[in-house]
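Keep in mind that what you see is a predicted model, and the values were worked out from it rather than measured. Here is the naming used below: chain letters follow the sequence lines, and residue numbers restart at 1 for every chain.
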Amino acid sequence: MMARILITSAIPYINGIKHLGNLVGSQLPADLYARYMRARGAEVLFLCATDEHGTPAELAAAKAGKPVDQYCAEMWAVQAELAQGFRLSFDHFGRSSSPQNHRLTQHFAGRLADAGLIREVSEKQVYSNADGRFLPDRYIEGTCPNCGYDKARGDQCENCTKQLDPTDLINPRSAISGSTDLEVRETKHLYLRQSAMRDDLSAWIDSKSDWPVLTTSIAKKWLNDGDGLQDRGITRDLDWGIPVKKGDQDWPGMEGKVFYVWFDAPIEYIACAAEWVDAGKGADWERWWRTDKGAEDVRYVQFMGKDNVPFHTLSFPATILGSGEPWKLVDYIKSFNYLNYDGGQFSTSQGRGVFMDQALSILPADYWRWWLLSHAPETSDSEFTWEAFQQDVNKDLADVLGNFVSRITKFCRAKFGEVVPDGGDYGPQEIALVADLQARLTRYQAHMEAIEIRKAAAELRAIWVVGNEYLQSAGPWTIYKDDPDRAAAITRLALNLIPFYAGLSAPFIPDAAASMAGAMGVDVAWPESAETALSALPPGHAFRVPEVMFAKIDDDTRAEWARRFAGVRS
RNA sequence: GGGCCUGUAGCUCAAUGGUUAGAGCAGAGCGCUCAUAACGCUUUGGUUGGGGGUUCAAGUCCCUCCGGGCCUACCA
């Protein structure tokens, strides 16, 4: 029976173009896994979307001088185009502001309320008259009562790290406008009673012994810290968002309020599947999401950066479990640490690092995909430097893989023409080669299935190296002088490595894989086995010598990029 | 303050408690001449952050100290 895999990437926030750290922390590895699973014949639904609600989205729109809905629509289009540029193979790229998500979010809230898992809390929050809005704690600045730092935020002082309440600040002001015209107002909000589900969530997390430590340790910390899992506010006093409703009914006392972005964002994973159907791309989204409607055999895998783990291990499962309905729960969470940039952090707010649009403006997607995935921050934070990037892509892509394709196709053209040569037999060397490649193929598949990305990349690279080793030891250019038939056999086998490599490399570098296969006149396909794959191109099969697949990055260019991207983006 | 992760060759990273701690890159030497001056082979390089402990056996487990990072619930 065909495996069915549901894959979601953490949904990128709407307020700007994402940097390479964001990309490698969720969307790119999710795409790698989706491409691999499709290649292996699984039925895959791979979903992503933009996360469009919350205070930063409203502020970004205001800064751009646009209505927030228009701003979000425009930024969605920008992000969708960049996703395509990086060859992210989403089956659908949705929006958390979609009507489908409005309905589902309100539906879940209604179910949770019926189950007694929502409580109303009246609380005091800081309101800025000048800004005309309530201010989240960290949007209030003032002088730290502990250390005297004058840019302390309402949640914490960055200077002395002390945790604060906004009311602790001396001379508080709005971080948005600088206005000191603040007042404390009474406001009513809904809280999700996560505390009531603590034991269920804890048991569920404990059952996930195969999850990355990073994932489970963060979840357990939240479950067990202090008084245990706390209830979480799920509404806000904002204009932009999903109106608070109980299913399709009004919610008395909650008029004019919206659900908190992190309540509705993960529900978009589900709504996105409905969008996928409504966009005419699929027929039945519930068979992916409802275990009573066909999803019982679905394996659901989520990808995210470590900052997103609490929401995916606790809040979202609490929403799903609390609904009392048979929604699909996540089976595996792959979480990532951060990619740093030249000794510091990538930062969207500070404009530090390389952003997706900039990256594509200087190099094709495959360069970035290969480098980022082969250095994915799986066990700890990892570091991007221009020197390492240049060295690694030149060596791996241009010298090892690209040059292999170049040397054998050009050799064949010179001696036999642009067709797979006939004649000669395979001998012990070829038998050993096939055995070696088969062992490596098996290991590579195991790493990909386990989502061990760096190990998979290392094995793939080793598979590329095998081609060069074989050519060096077989030496068809020497043998050709005395025994052209034997040289033909060697050349035939080496040419067969190209479609083999194309199939295996496609999840990492899809464009290069397509051009390799195209040059050889075949489709990209996952090999059944090393043995069958290495006799796929019959004698007489025409091919063409491909263009240089990966131009090398020279030192001057690298230095220029390092300078250009050293500062902050305006 | 608390919790978690992390520290291994110049760099990036591997090593179910079990031979002499391994790869890639960078460096050195040799070879090859088909190829994008590419490729192959050989090789240099380690008190596994420091100290203590458990064990027949510790990079791995425990304690402690030092360094780096993340999270800490109203950014998302």
Side-chain N or O of [X] versus OP1/OP2 of [N]: is the shortest distance under 4.0 Å?
X: A:Tyr338; N: B:C71; result: yes
X: A:Arg232; N: B:C74; result: yes
X: A:Lys552; N: B:A38; result: yes

Problem set entry | Rounded P spacing from B:G27 to B:U20 in Å | 32 Å
What protein N or O atoms touch nucleotides 40-45 of chain B N or O atoms at under 3.5 angstrom, if any, and at what distances?
unit_1, atom_1, unit_2, atom_2, d
B:C41, OP1, A:Glu469, OE2, 3.2

Exercise. Using 4.0 Å as the upper bound for N to carboxylate O, is an ion pair formed by A:Glu378 and A:Lys455?
Worked result: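 The answer is no: the pair does not qualify as a salt bridge.
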Problem set entry | Salt bridge flag under 4.0 Å for residues A:Glu141 and A:Lys151 | no
For this session: Only stems of 3 or more consecutive Watson-Crick or G-U pairs count here, both distances under 3.5 Å; name the ones for RNA chain B, or none.
Result: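 The stems that RNA chain B takes part in, listed by first number, are B:1-7 with B:66-72, B:10-13 with B:22-25, B:27-31 with B:39-43, B:49-53 with B:61-65.
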Exercise. Rounded to the Å, how far apart are A:Asn22 CG and B:C75 P?
Worked result: 17 Å
Using a cut-off of under 3.5 Å, enumerate the N/O to N/O pairs linking the protein to nucleotides 10-16 of chain B.
unit_1, atom_1, unit_2, atom_2, d
B:C13, O3', A:Arg454, NH1, 3.3
B:C13, O3', A:Arg454, NH2, 3.4
B:A14, OP1, A:Thr379, OG1, 3.0
B:A14, OP1, A:Arg454, NH2, 2.4
B:A15, OP1, A:Lys455, NZ, 2.9

Exercise. Going by distance alone, is a donor N or O of one side chain under 3.5 Å from an acceptor N or O of the other, for A:Ser195 and A:Asp231?
Worked result: yes
Problem set entry | More than 12 heavy atoms from other groups under 6.0 Å of CD on A:Glu183 | yes
